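Here's the structure we're looking at; comments come further down.
All chains are named by letter (A, B, ...) in the order of the sequence lines, taking the proteins before the strands, and each is independently numbered beginning at 1. Remember, predicted model here, so these are calculated numbers, not experimental data. The figures that follow rest on heavy atoms only: side chains count, while hydrogens, waters and symmetry mates do not.
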Amino acid sequence: GQQVMQIPQYQHVQEGEDFTTYCNSSTTLSNIQWYKQRPGGHPVFLIQLVKSGEVKKQKRLTFQFGEAKKNSSLHITATQTTDVGTYFCAGDDYKLSFGAGTTVTVRA
Amino acid sequence: NAGVTQTPKFRILKIGQSMTLQCTQDMNHNYMYWYRQDPGMGLKLIYYSVGAGITDKGEVPNGYNVSRSTTEDFPLRLELAAPSQTSVYFCATTSSSYEQYFGPGTRLTVT
């Protein structure tokens, strides 16, 4: 079955720095979604990417879908304490397969 | 709109007990899901439903049962609780765009 892998599992970032988290699938995806889960909370939808090579931005967050539609990345610039949480990628169609997530902590 | 609601928020069960986790949505979504999330892990799909009267197994269905008699409700049943079922359980629904909306979760401990 489809597997979605995320790296790194943990990301410790100095406030103000940039970082990137990566998502890789064993199969071609029709779309990929990103979610954020704050500590103690529930996953919240961030964005969906559908097209090959698609790039979408949300303020300091940049999401990219690979040309082969088998990988994706989330880049955060100028990390803030509000970025703390776990970021999950998930594919594909109505029965999503979630990655294990990247847990982000921020040093002030 | 309340979105997706789950009850209870917390529960402690003894080994062998049974319970039902409730999930209700008011968004009129056809698709509903149950996930479990173990500490530091991602979400594992337990069961899902594509509409009232239709359910199907996910990745980790053993030890659980579901029913979907209405569009709004999708309860998850644990018949014989085991320590391995200690987890956080999330219910979710999907719009036509596949964006999933999650409930606040039920934190279950089995001792």
When you group the ILVMFWY residues by side-chain heavy-atom contacts below 4.5 Å and let the links chain together, are A:Val13 and A:Leu74 in the same group? yes
Look up atom NZ in B:Lys44 and atom CZ in A:Phe98, then write down how far apart they are to the nearest 0.5 Å. 11.5 Å
Same cluster or not: are B:Phe102 and B:Leu76 linked, directly or through other Ile, Leu, Val, Met, Phe, Trp or Tyr residues, by side-chain heavy atoms under 4.5 angstrom apart? no
Check whether B:Leu43 gets within reach of chain A through its side chain, its backbone, both or neither, counting any heavy atom under 4.5 Å. both
Among side-chain atoms of A:Gln37 and B:Gln37, is any donor-acceptor pair under 3.5 angstrom? yes
B:Val66-B:Leu13 co-clustered via ILVMFWY side chain contacts under 4.5 Å: yes
If hydrophobic clusters are built by linking Ile, Leu, Val, Met, Phe, Trp and Tyr wherever their side-chain heavy atoms come under 4.5 Å apart, do A:Val104 and A:Tyr22 end up in the same one? no
Going from OH on B:Tyr48 to CG on A:Leu96, what distance comes out if it is rounded to the nearest 0.5 angstrom? 12.0 Å
Go through A:Phe88, A:Tyr35, A:Tyr10 and name the one with the most non-hydrogen pairs under 4.5 angstrom from chain B. A:Tyr35
Applying a strict 4.5 Å limit to non-hydrogen atoms, the region of A:Gln9 in contact with chain B is side chain
Nearest 0.5 angstrom please: A:Gln33 CD to B:Glu99 CD, how far? 7.0 Å
Can you see which heavy atom on A:His42 is nearest to which on B:Phe90, and at what distance? CB-CE2, 3.4 Å
Count I, L, V, M, F, W, Y as connected when their side-chain heavy atoms are under 4.5 Å apart, and connections chain through other members. Are B:Tyr64 and B:Met32 then in the same cluster? yes
B:Ile12, CD1: over 12 other non-hydrogen atoms inside 6.0 angstrom: no
